[in-house]
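We number each residue from 1, following the sequence as shown.
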Amino acid sequence: MYYVGIDIAKSFHVVTIIDENEVKVTQKPIRVTNCIDGFSKFITKLETISSNTNDFIIGLEATGIYGENLWEFLNSHGFNVKLLNPFQTTRYREQHTMKKVKNDNIDSWIIALFLKDGKYSSGYVTDDEYQSLRTLYRNRASIQSDMKEVKKRILTQVTVTFPELENFIDIFSITGLALLDKYPTAHHYKHSSVDRILKIFRHIQGNSFNNQKAIEVLELAKNSIYSGKAKDARAIAIKSSIRLLKIYQEELSILEEEILALLEKNGIKEDVPTNSLIENLKTIPGVSSKTIAAVISECGDLSRFKTPIKFIGYLGLFPTENSSGNSKSTGHLSKRGSSLAKHALYMASVSCLLHNKELKQYYDTKKSQGKSKQEGIIAVARKLATIIYSIFRYNTPYDPSRVFSKS
């Protein structure tokens, strides 16, 4: 048997091959360029060692998307490829080298040794439907992050050019953005009037910007502390940021429609109509489609976890703990798991305190036991994760009598 460790990078991958005696098969590590020619030459190299694909166990870390194409290529050629948890390989490297040494050659060698020892747990590779959902959801999260940065830039400018406006109106509402786009600084109201301001909102349905508010904003602009310095340049910057924000908002809307459409489509769970599964998940009071999308896109097929505890462990919904002798301290929430899924469950738990009486009671119980507010919400998040897991696994609607029977 040969053990093939692959250290993944963007442009090329480094490979070390060892045999049963942990002897390196090649004097130098093999470099595999990230292209079809490089992949083909790698297969040819393996065939010179053995023509039987069953003679190889190949391992690479699950550290992003750079290894996806190589993983698919090797699998399509009949090789046994293991996706390794980087947390496990890091710990194995530190134990084996007794120091935090890291480079491509050492990493590929460590992975090969790790495979030989057989102490690894093989990672999970998502199906196409889950991968599609994950790609869309992470793109959504990226756009949301970009939107926050754009909003921050707008707020920074407005803090100088019309600081009084922020306390008068939500500048990121449809009304607020329309007003700011027309009058980006306090000095731009100089030749305005009530009628001109109200004209901005005639095409906006449901707006409540009336004569009194127009008079008030004109008065605020007149008495603003803004000096007027670089007003035209700052106006251009604000208008540019507003246009960019609107583009992001449109793209976000499109992505969310695609995510919901994919959620409702059959194929997310084998042999189960997805529309019924998603509808059952929606029966949890306080849980939205966005929360469901976050959990499923980041975790894949939840039924692959044998128990709810394993699912919660995968999510990282547990605090770190330091124990020594008689002392024991609980730290922050573990950094393991998907931050997107954890954040979605945390926010859903906050919503559940308002809309789910059983989880609100569960939260109150935890608080009465001396838990802090944050600890109580995390406890609710874990309970919520258990509920989502059970509904997904058994495809049944939310039933509080079953969920809280032992609480």
Side-chain angles (χ1 to χ4, degrees), residues 137 139-226 228 230-260 286-291 293-294 340 343-344 346-348 350-351 353-355:
Y137 192 84
N139 196 26
R140 173 185 179 272
S142 178
I143 287 178
Q144 285 182 316
S145 178
D146 291 338
M147 285 175 63
K148 286 181 182 179
E149 290 301 315
V150 174
K151 286 181 177 181
K152 191 184 296 183
R153 292 205 298 269
I154 294 172
L155 277 175
T156 300
Q157 291 289 351
V158 172
T159 299
V160 176
T161 61
F162 197 175
E164 299 82 2
L165 185 65
E166 191 178 347
N167 293 324
F168 175 72
I169 193 173
D170 176 7
I171 62 174
F172 296 117
S173 64
I174 295 175
T175 303
L177 285 174
L179 189 64
L180 193 60
D181 191 39
K182 181 67 176 179
Y183 303 107
T185 78
H187 273 241
H188 285 82
Y189 286 87
K190 188 173 182 181
H191 301 293
S192 185
S193 65
V194 170
D195 288 339
R196 287 181 177 179
I197 291 174
L198 293 178
K199 188 178 180 181
I200 301 171
F201 307 109
R202 286 176 185 169
H203 68 285
I204 301 176
Q205 293 182 351
N207 84 89
S208 58
F209 208 92
N210 52 30
N211 282 50
Q212 182 58 38
K213 286 187 176 181
I215 293 171
E216 289 177 16
V217 76
L218 283 170
E219 191 65 21
L220 287 174
K222 181 180 178 181
N223 297 302
S224 176
I225 60 172
Y226 176 47
K231 67 178 188 299
D232 292 333
R234 282 171 165 157
I236 292 170
I238 290 172
K239 283 175 170 284
S240 174
S241 294
I242 290 173
R243 287 194 299 271
L244 187 57
L245 180 60
K246 287 180 177 179
I247 291 171
Y248 280 140
Q249 288 173 335
E250 291 173 4
E251 292 301 315
L252 188 65
S253 178
I254 292 169
L255 274 174
E256 289 179 346
E257 287 179 7
E258 292 292 339
I259 288 169
L260 290 176
V287 173
S288 67
S289 297
K290 292 176 183 177
T291 302
L340 291 176
H343 177 72
Y346 185 90
M347 297 307 296
V350 174
S351 175
L353 298 185
L354 298 174
H355 304 290

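Around the CD1 atom of Ile174, the shell of radius 6.0 Å holds no more than 12 heavy atoms that belong to other residues, nucleotides or ligands. No more than 12 heavy atoms of other residues, nucleotides or ligands shown are found within 6.0 angstrom of NZ on Lys290.
By the 4.5 Å heavy-atom criterion applied to side chains, Ser192 and Ile197 are counted as neighbours. At least one side-chain heavy atom of Tyr226 sits under 4.5 Å from a side-chain heavy atom of Arg234. Proximity of Glu251 to Leu255: side-chain heavy atoms (C-beta onward) are nowhere separated by under 4.5 Å. Residues Lys213 and Ser208 are in side-chain contact: their nearest non-hydrogen atoms beyond the backbone lie under 4.5 Å apart.
When all heavy atoms are compared, the tightest approach of Thr161 to Ser224 is O-OG, 4.5 Å. Annotation for Ile259 and Ala293: closest pair CG2-CB, 3.6 Å, computed over non-hydrogen atoms. Residues Lys231 and His187 come closest through the heavy atom pair CD-CB, 3.8 Å. Considering every non-hydrogen atom in both Thr175 and Ile169, the closest pair reads CG2-CD1, 3.8 Å. Taking all atoms of both residues into account, the shortest heavy-atom contact from Ala235 to Pro184 is CB-CG, 3.4 Å. Heavy-atom minimum distance, Ser241 versus Ile154: CB-CG1, 3.5 Å.
Annotation: the span from Ile242 atom CD1 to Leu180 atom CG amounts to 4.0 Å, rounded to 0.5 Å. One distance of note links CE of Met147 with OG of Ser142; it measures 12.0 Å at 0.5 Å rounding. Of the inter-residue distances, the one linking Leu245 atom CG with Leu252 atom CG reads 10.5 Å to the nearest 0.5 angstrom. Rounded to the nearest 0.5 Å, atoms OH (Tyr183) and CD1 (Ile238) are 15.0 Å apart. With rounding to the nearest 0.5 Å, the separation of CG in Asp181 from CD1 in Ile171 is 12.5 Å. Atoms NZ and CD1, on Lys148 and Ile143 in that order, are 13.5 Å from each other to the nearest 0.5 Å.
Checking side-chain atoms of His203 against main-chain N and O of Ile200 turns up a donor-acceptor pair under 3.5 Å. In this structure a side-chain-to-backbone donor-acceptor pair under 3.5 Å is missing from Ser145 to Ala141. Side-chain N or O atoms of Glu164 include one that pairs as donor or acceptor with a backbone N or O of Ile225 at under 3.5 Å. Looking only at distances, a side-chain donor or acceptor of Thr159 sits under 3.5 Å from a matching main-chain atom of Leu155. Counting only distance, with no hydrogens or angles, the side chain of Arg153 and the backbone of Ala237 share no donor-acceptor pair below 3.5 Å.
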Quiz prompt | Steps toward side chain to side chain contact (heavy atoms under 4.5 Å, CB included) verdict (His188, Asp232) | solution = CA-CA 9 Å; His188 285 82; Asp232 292 333; 4.0 Å; yes
Exercise. Report the C-alpha distance between Leu165 and Leu179 in whole Å, list the side-chain angles of each, state the deciding distance to 0.1 Å, and finish with yes or no for side chain to side chain contact (heavy atoms under 4.5 Å, CB included).
Key: CA-CA 10 Å; Leu165 185 65; Leu179 189 64; 4.2 Å; yes
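Checked for salt-bridge contact, Glu149 and Lys152 meet the test: a charged N lies under 4.0 Å from a carboxylate O.
Taking the six-membered ring for Trp and the full ring otherwise, Tyr189 and Phe162 have centroids separated by under 6.0 Å.
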